[in-house]
Amino acid sequence: MGKVFYISRRTGIVVIVAAAAVIIIALTVVYAQKSRNEVKPVNDTEVWKNYRLPTSLAPVYYNVTLWPRLVMDANGMYIFTGHSGAAFTCVNETDLILIHSNKLNFTLTRGGHHAMLRGLSGAKAPAIKKTWLEVETQYLVVQLSEKLQVGSTYWLYTEFRGELADDLHGFYRSEYVEDGVKKVVATTQMEPTDARKAFPCFDEPAMKAVFHMTLIHPLDTVALANVIQRNIMFWPQHLKVLQTQFEPTEKMSTYLLAFVVSDFISIKTPAEAKVLIRIYARRKAIEAGQGEYALNITGRILDFFQNYYNSKYPLRKSDQIALPDFSAGAMENWGLITYREAALLYDPSMSSNGDKEAVSTVISHELAHMWFGNLVTMKWWNDLWLNEGFATYVSYLGVNDAQPTWNMKDLMVLEEVHKAFAVDALPYSHPLSSREEEVNTPTQINALFNSITYSKGAAVLRMLSGFLSEPVFVSGLSAYLKQFPYGNTVYSDLWGKLQEVISKTELWRLKLPASVTEIMNRWILQMGYPVVTIDTQTGRISQKHFLLDSESEPDRPSVYNYQWFVPIKWMKSGTAMGQHWLLEKTATHEPMRTNSEWVLANVNVSGFYRVNYDSQNWQRLISQLTSDHSVIPVINRAQIVDDVFNLARAKIINITVALSATRYLSEEREYMPWGSTIKNLDYFFQMFHRTEVYGAMEEYLRGKVQPLFNYFKTITADWTEIPSSHTDQYNQVNAISFGCRTGVEGCVNLTKTWYRQWMENPDKNPIHPNLKMPVYCNAIAAGGVEEWEFGWKMYKNSSSATEADKLMYALSCTKTPWLLKRYLDYAFDPDLIRKQDAPFVIVYIANNVVGQSLAWDFIREHVFEYGGSSPLFGRLILSVTNRFSTELELNQLQQFKKETAAAGFGSVLGLDQAIETTKANMKWVAENKEQVMRWLSEELA
Ligand SMILES: *[C@@H]1O[C@H](CO)[C@@H](O)[C@H](O)[C@H]1NC(C)=O
Ligand SMILES: *[C@@H]1O[C@H](CO)[C@@H](O)[C@H](O)[C@H]1NC(C)=O
Ligand SMILES: *[C@@H]1O[C@H](CO)[C@@H](O)[C@H](O)[C@H]1NC(C)=O
Ligand SMILES: *[C@@H]1O[C@H](CO)[C@@H](O)[C@H](O)[C@H]1NC(C)=O
Ligand SMILES: *[C@@H]1O[C@H](CO)[C@@H](O)[C@H](O)[C@H]1NC(C)=O
Ligand SMILES: [Zn+2]
């Protein structure tokens with residue numbers, strides 16, 4: 001699934017403009033993870049109290065018929081009805097059947113039971129003694145009068161109804177308006193544990209089976225599922241509904257099921273194509289050609305992966321469907337991939353290059369799962385990182401193949417590795433791989449969909465592929481897929497296959513210091529990552545667990561004592577010097593440079609760690625940047641900035657070293673170093689916004705960004721053209737957004753003028769899609785109610801999801817408090833802002849310095865309605881309080897904690913973390929304000 005990851009991705013440029021929102025979303029998901037670890041004893045007497053299924057029964061196939069009603073019933077409810085049979089084999093003696101079922105109401109049999117049981121192939125089924133529903137563990141429990149026979153197969157049949165709610169999970173409904181008519185779509189999101197909301201099933205990833213699906217649906221709609229339709233007929237004729245029966249699926253996990261009933265239309269590949277690819281969406285979107293780009297690249301990327309994995313795409317078709325309401329970014333259902341509209345639809349006249357990249361990456365990510373995840377699946381959710389980290393890593397390779405000029409392999413460092421660095425430096429991070437017994441409940445499983453799983457997973461796999469070399473990595477992978485198709489694995493199966501390949505062919509060349517298992521387990525079984533300190537003069541190299549807050553203690557001990565096997569590629573004054581493995585806490589290398597030289601380690605950031613040097617080497621690197629930065633690879637320029645700022649936060653180096661590394665930026669034209677800088681400065685903006693440092697900081701940065709602004713003004717012929725390269729296009733956006741933010745002459749006026757022109761002629765938007773985000777935002781910030789109302793009107797009228805997203809963000813940029821307050825209220829009216837988008841609106845508003853206190857008031861008022869225990873609420877608390885850095889604010893937080901505790905709330909998720917963060921911020925400001933002010937005054941003098 002593309003979850004947290006794509007929450008940031010889908011907003012594309014917001015990553016650049018409002019990096020904070022994204023990071024906070026990422027961080028907080030980690031927080032929800034914290035409460036996960038206690039291992040409850042397995043209950044042997046009341047087996048249904050356990051969240052995990054017993055292994056005594058194994059599903060073989062299901063016959064499922066579902067009938068979603070797309071109109072409200074007499075009780076004002078949308079429902080679906082269905083019946084389902086599950087064929088399962090008894091592999092261990094038992095008189096108990098546990099099958100997952102959640103929020104389904106069953107038709108009782110004459111005997112008063114929820115289900116009927118019969119034997120298949122001549123087996124005789126025991127009588128049912130008793131059935132009931134376990135709400136907490138989400139089971140239908142069937143107790144039998146006698147034991148089932150080992151080796152026999154049985155058929156458990158149920159009839160049921162469920163609500164087709166708009167809750168974005170299980171079998172749910174999505175609504176939209178077309179030509180003034182409300183349309184209802186019935187669709188699914190099963191991962192991780194909601195297939196059981198659609199029909200009773202053995203809802204664990206290792207319980208693979210074949211599914212025979214049948215959907216009943218209105219005449220003017222089309223029904224889709226994982227596989228192609230076998231036949232469509234009237235059913236029963238007088239009812240004027242259709243019955244679509246599908247081919248049996250491959251043997252697959254329940255979480256990958258999907259079915260959709262809609263009146264969407266599609267475009268598809270020509271008949272002679274080997275795999276049928278179809279892009280489905282709302283009629284209007286398809287007619288406007290918004291599916292074309294997805295169709296263009298899906299085939300290409302699918303081919304890339306067939307070659308990459310050396311494995312044929314196992315299905316006959318690949319449908320991609322864009323849904324108006326969707327909680328994640330996309331979902332890799334086998335053969336029927338579901339997307340948010342913004343993650344699939346692309347409109348050249350409306351979408352930016354960032355939107356295009358997001359669409360490409362999401363498609364690539366989901367297609368990568370067709371093998372890694374779908375064909376070979378993790379045994380249990382504790383290995384989710386392997387699934388998601390892998391798909392995230394190779395998604396960049398897939399896009400790189402489809403768009404070779406985009407520099408995707410480098411961008412991965414900024415988009416994934418840096419994100420992982422940020423989250424994994426917190427004391428309450430967690431190891432990539434958890435123990436199986438630690439992950440049981442749906443809440444615990446859901447908490448794993450976070451940026452550690454996605455981004456750190458991708459970062460360590462990138463490192464692995466880097467030191468093994470891509471050919472070795474790929475042949476191990478392909479051997480792994482060949483050995484376990486339609487099966488389930490644990491991560492050590494992958495290590496094993498890689499080791500086999502190495503042992504056969506390459507070890508003598510690779511010179512690995514240890515086995516893949518020994519190296520990699522240190523990266524996946526302990527949280528965090530090291531900072532490697534190199535004394536370039538003595539050659540002493542050491543490693544230490546990197547924590548952003550130097551006074552924090554990691555939440556948990558590590559079996560490896562926070563020590564890693566670190567591959568260190570390094571260069572000396574621009575010349576590559578080779579690789580050194582650091583295995584110890586401290587090692588001694590020979591002296592690495594003479595006096596006039598500099599050393600740069602972690603070349604191209606091929607390893608997942610930070611680097612610190614002796615201060616003289618820092619000075620040399622910084623003067624190299626100033627004299628000729630091009631000698632240092634562009635990824636490392638971005639990395640140096642990220643390292644110095646974070647090392648300074650952790651008090652490992654002085655803050656002035658970090659600031660000095662920004663001096664050369666007046667000469668920098670590349671996107672990655674700027675992207676990294678802007679993200680890192682965000683903390684400075686947050687902390688100093690309400691202090692006198694702000695003015696000096698603004699002036700200093702204005703001096704740095706002015707040349708960049710002028711540069712783009714020139715190469716775009718006074719903003720009339722768009723730079724040709726993908727990353728230059730990104731950096732043009734940086735020039736404008738950061739230029740306006742720091743008050744570069746002419747910047748705000750430029751945005752105001754364009755926006756005015758648009759207001760005067762709403763049918764003809766003169767603003768290039770790439771630039772819309774910063775232009776809308778700055779124009780609305782500089783404008784008043786008229787600009788805001790216009791933006792709102794365009795938001796409501798927009799037929800393009802990406803355009804709507806940009807406006808939704810820009811509307812939060814206003815400086816007018818009452819407009820912000822009203823916008824905040826809108827976020828809680830699903831008729832005005834879609835449920836899937838409401839959290840973004842609140843986070844955006846909270847990120848606005850004017851909106852932050854409004855959002856804070858709002859949170860305090862509504863905590864009781866929302867329930868403090870929802871992860872979303874925790875996420876909101878953290879983003880709303882991220883600027884907190886005063887005694888007063890700390891008191892407010894503590895007061896809030898008391899009130900919620902007194903109201904019987906227990907612990908509100910996120911609150912303790914917000915208090916910790918506020919204290920850390922207060923300390924940081926106290927320790928750094930003077931120094932920063934002094935440094936800035938000297939630079940400006
Ligand atoms: C099993 O569950 C029952 C009922 O909740 C409880 O009384 C019993 O102590 C549990 N046993 C274990 C081993 O947890
Ligand atoms: C399930 O459906 C398949 C395909 O329609 C059919 O062949 C099979 O007999 C059904 N199984 C049972 C037990 O009804
Ligand atoms: C079968 O059940 C016995 C007793 O509960 C248990 O020890 C054994 O591990 C089970 N075997 C399988 C394959 O589940
Ligand atoms: C299921 O039963 C509960 C309790 O009677 C009821 O509140 C709910 O509306 C029912 N759901 C459906 C879809 O009928
Ligand atoms: C899709 O591919 C065709 C043929 O290569 C090309 O003409 C068209 O511009 C592409 N469409 C998009 C939206 O990229
Ligand atoms: Zn995924």
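Whatever order the structure lists them in is the order used to number ligands and atoms, beginning at 1. Keep in mind it's a predicted model, so treat the numbers as computed, not measured.
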Candidates N105, D73, L104; heavy atom nearest atom 6 (C) of ligand 4 found on N105
Candidates M77, E163, R161; heavy atom nearest atom 14 (O) of ligand 4 found on R161
Would [atom] count as contacted, meaning some protein heavy atom under 4.0 Å?
atom	value
atom 12 (C) of ligand 4	yes
atom 9 (O) of ligand 4	yes
atom 2 (O) of ligand 2	yes

task = Fit a plane to each ring of F160 and F80, take the angle between them on a 0 to 90° scale, and name the class: parallel (under 30°), tilted (30 to 60°) or perpendicular (over 60°).
result = perpendicular
The answer for which part of M213 has a heavy atom under 4.0 Å from ligand 2 is neither
- Query: Non-hydrogen atoms of E247 versus ligand 2: any pair closer than 4.0 Å?
  - Reply: no
the protein heavy atom lying closest to atom 5 (O) of ligand 2 turns out to be Q245 NE2, 4.0 Å
(message) Can you tell me if, anywhere in E366, an N/O/S atom lies at a distance from the Zn ion (ligand 6) that is smaller than 2.8 Å?
(response) no
Any N or O of H212 closer than 3.5 Å to N or O of ligand 2 = no
Checklist entry - Are any of the N or O atoms of Y61 closer than 3.5 Å to those of ligand 2? => result yes
Classify the side-chain pair S311/W371 by whether it contains a donor and acceptor separated by less than 3.5 Å.
yes
Worksheet item: If you measure only the distance, is there a donor-acceptor pair under 3.5 Å linking the side chains of Q138 and R196?
Response: yes
Review point. For F171, is the NZ or CZ atom of K197 found under 6.0 angstrom from the centre of its six-membered ring and inside 45 degrees of the ring axis?
Key: no
Per-atom filter on ligand 4: closer than 4.0 angstrom to a heavy atom of G162 are 13 (C)
Result for side chain to side chain contact (heavy atoms under 4.5 Å, CB included) between V261 and one of L224, T221, V222 points to T221
